Amino acid sequence: MPQRPTLASRICPDCDGFPVVAITTGTRNPDGTRTTLPVSCSACHGTGHAPHWLVTTRASKAVAA
C-alpha cells in the first residue's frame with residue numbers, strides 16, 4: 001500500500017521531543033529521596049512540538065549552511 005509523503009517533522013528542535021525533565025536540587029526529602037523540579041522547554045512550552053514556522057526556519061538555515 002503506497003504511503004503519503006510526510007510533512008516536515010514538527011518535533012521541537014530545542015528539546016527533541018522531550019519537553020519536560022526533572023532536575024535534582026541536591027537536597028533530600030525526609031524519606032531519603034531526592035527533591036526534583038519539573039522544568040519544561042522554553043521553546044515549545046512543554047508540548048514537544050514546535051510551530052511550523054520554527055521547523056521550516058531552522059531547516060532552511062541548516063540547508064543553507
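Keep in mind that what you see is a predicted model, and the values were worked out from it rather than measured. No hydrogens, no waters, no symmetry mates; every other heavy atom, side chains included, goes into these values.
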> When rounded to the nearest 0.5 angstrom, what is the spacing between CZ in Arg34 and CZ in Arg28?
Replying inline: 4.0 Å
> If every non-hydrogen atom of Ile11 is compared with every non-hydrogen atom of Gly17, which pair is closest and at what distance?
Replying inline: CG2-N, 3.3 Å
> Are any side-chain N or O atoms of Thr25 and backbone N or O atoms of Thr35, one a donor and one an acceptor, separated by less than 3.5 Å?
Replying inline: yes
>> I need the His49 NE2 to Cys15 SG distance, nearest 0.5 Å.
In response: 9.5 Å
> Below 4.5 Å, heavy atoms only, C-beta onward: do Cys44 and Pro19 meet side chain to side chain?
Replying inline: yes
> Is any side-chain heavy atom of Pro38 closer than 4.5 Å to a side-chain heavy atom of Val20?
Replying inline: yes
> In Å, rounded to the nearest 0.5 Å, how long is the span from CD1 of Ile23 to OG1 of Thr36?
Replying inline: 9.5 Å
>> Between Asn29 (side chain only) and Asp31 (backbone N and O only), is there a donor and an acceptor less than 3.5 Å apart?
In response: no
>> Minimum heavy-atom separation for Gly46 and Ser40, please, with both atom names.
In response: CA-CB, 3.9 Å
